[in-house]
Structure formats: structure tokens, C-alpha cells
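Predicted model, so just to flag it, every value in this text is computed and none were measured. Sequential numbering from 1 along the given sequence is applied to the chain's residues.
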Amino acid sequence: MQEILVLLQDPAAWIALITLVVMEVVLGIDNLVFISILTNKLPADQRERARRIGIGLALVLRLALLGTVAWIVKLTTPIFEAFGHGFSWKDLILIAGGLFLVWKATKEIHHNVDPVDHEEDFIASSATQTFAAAIGQILLLDLVFSVDSIITAVGMTPHLPIMVVAVIIAVAVMLVAATPLANFIEKNPTIVMLALGFLLMIGTTLIAEGMGFHVPKGYVYAAMAFSGLVEVLNMFARRKRQAERAAKAKLH
């Protein structure tokens with residue numbers, strides 16, 4: 001309690017908290033896009049519950065991992081060497097998560113390009129199995145993103161209370177943004193393909209980082225922001241053309 005009171009009076013602690021919250025929110029975008037795409041495939045009455053459970057699991061995982069910070073830090077210790085790079089448990093987790101994201105995004109792109117082919121859909125036909133499959137996959141990615149997030153947080157501040165508050169605030173932002181983002185993606189089919197492209201890029205980045213190649217996150221998010229801006233302009237252009245067509249139809 002005394003440590004918390006001291007931190008509340010320390011301007012540097014507030015700066016660290018704000019920085020960490022921003023970082024956690026940015027890192028959470030990847031997770032949020034994945035959750036939105038996955039839950040949009042569920043029946044309408046299950047989507048909101050699946051999002052809440054998925055984001056709730058992300059909070060539980062991150063708080064649980066914060067309770068084992070000393071163990072989490074050890075995940076960066078190399079356990080074997082190959083191709084001139086010492087691989088740690090963190091590297092293996094990032095590679096596994098990246099491969100999963102690449103596989104998932106590729107399957108979804110195939111499904112969107114060839115929607116007639118339902119035999120290879122990763123979701124079973126039963127609603128119960130679909131919900132369970134979605135939660136299972138969300139939990140898997142939550143684990144990957146949580147490990148990466150906590151290790152990054154540990155590198156930014158040594159104070160556990162600051163990390164806990166930052167994680168709670170970031171997950172709260174994700175919870176508020178989840179449904180609007182999912183609805184926006186569902187109403188704009190071209191956004192789905194763009195989001196899947198983002199997942200492919202994120203998966204590839206995770207694999208690269210696991211293999212020892214540092215990829216500055218700023219470049220990745222700048223590319224995502226630029227692509228999103230271009231798509232927004234395309235949406236405005238499409239709506240303008242549709243309005244012009246509707247106006248001409250009324251005249252005739």
C-alpha cells in the first residue's frame with residue numbers, strides 16, 4: 001500500500017503508466033482484430049458473449065502472468081541454439097502464434113475468395129462446437145499476445161502496480177471497442193480482407209521476431225494505418241458513386 005502511495009506522488013510513475021497504457025492498447029489492436037473476425041462467424045446471438053469471454057480471458061491471462069513476472073522474464077533465456085540464433089521459450093511461443101495466425105488468415109482468405117467451398121471451413125456446423133472452437137482459438141492467441149505484452153511491459157517499468165493498472169485500462173478499452181469494430185468489419189466486406197491481410201502481416205512479424213529478426217512495431221502499425229486510410233477513402237468513393245447512381249435513377 002505504501003508503495004502505491006509513493007507511486008501516486010511520482011510524476012515519472014504517471015508518465016510510465018500513460019506510456020504503458022498506450023503501448024498495451026496498440027498491442028491489443030492485433031488481438032482485437034482477430035477476435036472481431038472470429039466472432040463475426042458465430043450466430044448473431046453468440047457474438048457479444050464470445051467477445052466478452054475472449055477479452056475477459058485476455059485480462060485473466062495477463063494478470064495471472066503479471067503474478068509470475070520472475071518466471072516470465074526467464075522465458076527470454078535461450079534453451080537451445082539453431083541457425084546461429086539462441087531460441088528461448090518466448091521465441092517458440094511467438095513462432096507458434098505466428099504460424100497459427102498465418103494459417104488462420106490464409107484459411108479465411110481462401111474461404112472469402114471461394115465461399116462455395118465450405119468443406120474446409122475451420123468451424124464445425126454445430127453452434128455449440130462453433131462457439132467452443134472460437135473461444136479455444138481466442139484463448140490460444142490471447143496467450144501469445146499476453147506473453148509478448150507482459151515481457152514488453154517488464155522492460156518498460158519495474159513497478160508491478162503500474163503494469164496491473166495499465167493492463168486493466170487497456171483491456172477495458174478493448175472491451176468498449178470490440179463490438180463497434182466487429183460491426184464495422186461485418187458491414188464492410190472489403191475491410192474483412194484488409195483485416196485478414198493485417199493478420200497475415202502480424203503473423204509473419206511474430207515468426208520473424210521468434211527467429212531473431214527484430215521488426216520495429218512502428219513500421220508495422222504505420223503500414224496498417226496507411227492501408228486503413230486508403231480503404232476509408234475507397235469507402236467514401238463507393239458511397240459517393242452509389243449516391244450518384246441513386247440520384248440518376250430517381251431522375252429517370
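Atom CE of Met174 is separated from atom CG of Leu181 by 10.0 Å, given to the nearest 0.5 angstrom. From Leu194, atom CG reaches atom CG of Asn234 across 10.0 Å, with rounding to the nearest 0.5 Å. One finds the OG atom of Ser36 at 14.0 Å from the NZ atom of Lys41 (value rounded to the nearest 0.5 Å). To the nearest 0.5 Å, atom CZ of residue Phe100 and atom CG of residue Leu143 are 11.5 Å apart. Interatomic distance, CG of Leu206 versus CG of Leu101, reported as 6.0 Å (0.5 Å rounding). Rounding to the nearest 0.5 angstrom, the gap separating the CG atom in Asn183 from the CG atom in Asn40 is 7.0 Å.
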*Quick one: do Val230 and Ser227 satisfy side chain to side chain contact (heavy atoms under 4.5 Å, CB included)? Show the steps, please.*
CA-CA 5 Å; Val230 171; Ser227 300; 5.8 Å; no
_For a side chain to side chain contact (heavy atoms under 4.5 Å, CB included) check, start with the C-alpha distance between Thr106 and Leu196, then their side-chain angles and the critical distance, and finish with the verdict._
CA-CA 8 Å; Thr106 303; Leu196 290 172; over 6 Å; no
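With sequence neighbours excluded, the residues forming a side chain to side chain contact (heavy atoms under 4.5 Å, CB included) with Glu48 are Arg51, Arg52, Thr179, listed by chain and number. Listed by chain and number, the residues in a side chain to side chain contact (heavy atoms under 4.5 Å, CB included) with Phe213 are Ala208, Met211 (sequence neighbours excluded). Shown here are the side chain to side chain contact (heavy atoms under 4.5 Å, CB included) partners of Leu63, two or more places apart in sequence or in another chain: Leu59, Leu66, Val164, Val167, Ile168. Applying the side chain to side chain contact (heavy atoms under 4.5 Å, CB included) rule to Ala58 yields the partners Asn31, Asp142; only residues at least two apart in sequence or on another chain are considered. Taking Phe80 as the reference, Phe87 meet the ring pair (Phe, Tyr, Trp, His ring centres under 6.0 Å) condition, with sequence neighbours excluded. Residues that satisfy the salt bridge (charged side-chain N to carboxylate O under 4.0 Å, His left out) test with Arg238, not counting sequence neighbours, are Glu231.
The backbone N or O of Ala133 lies less than 3.5 Å from a partner atom in the side chain of Gln137, making a donor-acceptor pair.
Inter-residue side-chain proximity for Ile55 and Val171 is flagged as met; some heavy-atom pair is nearer than 4.5 Å. Using a 4.5 Å heavy-atom threshold, the side chains of Leu199 and Ile37 count as touching.
Listed by first then second residue, pairs satisfying salt bridge (charged side-chain N to carboxylate O under 4.0 Å, His left out) with a partner in residues 164-177 number zero, not counting sequence neighbours. Sorted by first and then second residue, the pairs that involve residues 53-62 and meet side-chain hydrogen bond (donor to acceptor under 3.5 Å, both in side chains), not counting sequence neighbours, are Glu24-Arg62, Arg62-Ser146. Listed by first then second residue, pairs satisfying side-chain hydrogen bond (donor to acceptor under 3.5 Å, both in side chains) with a partner in residues 199-213 number zero, not counting sequence neighbours.
A single hydrophobic cluster is seen to contain both Ile35 and Phe184, as judged by linkage of ILVMFWY side chains at heavy-atom distances under 4.5 Å, directly or through other members. No continuous path of hydrophobic side-chain contacts links Val60 to Leu140 [ILVMFWY only; heavy atoms under 4.5 Å].
For the pair Arg47 and Phe131, the NZ or CZ position fails the cation-pi test of under 6.0 Å to the six-membered ring centre and within 45 degrees of the ring normal.
In the hydrophobic clustering, where aliphatic and aromatic side chains (Ile, Leu, Val, Met, Phe, Trp, Tyr) are joined below 4.5 Å either directly or transitively, Val232 groups with Phe236.
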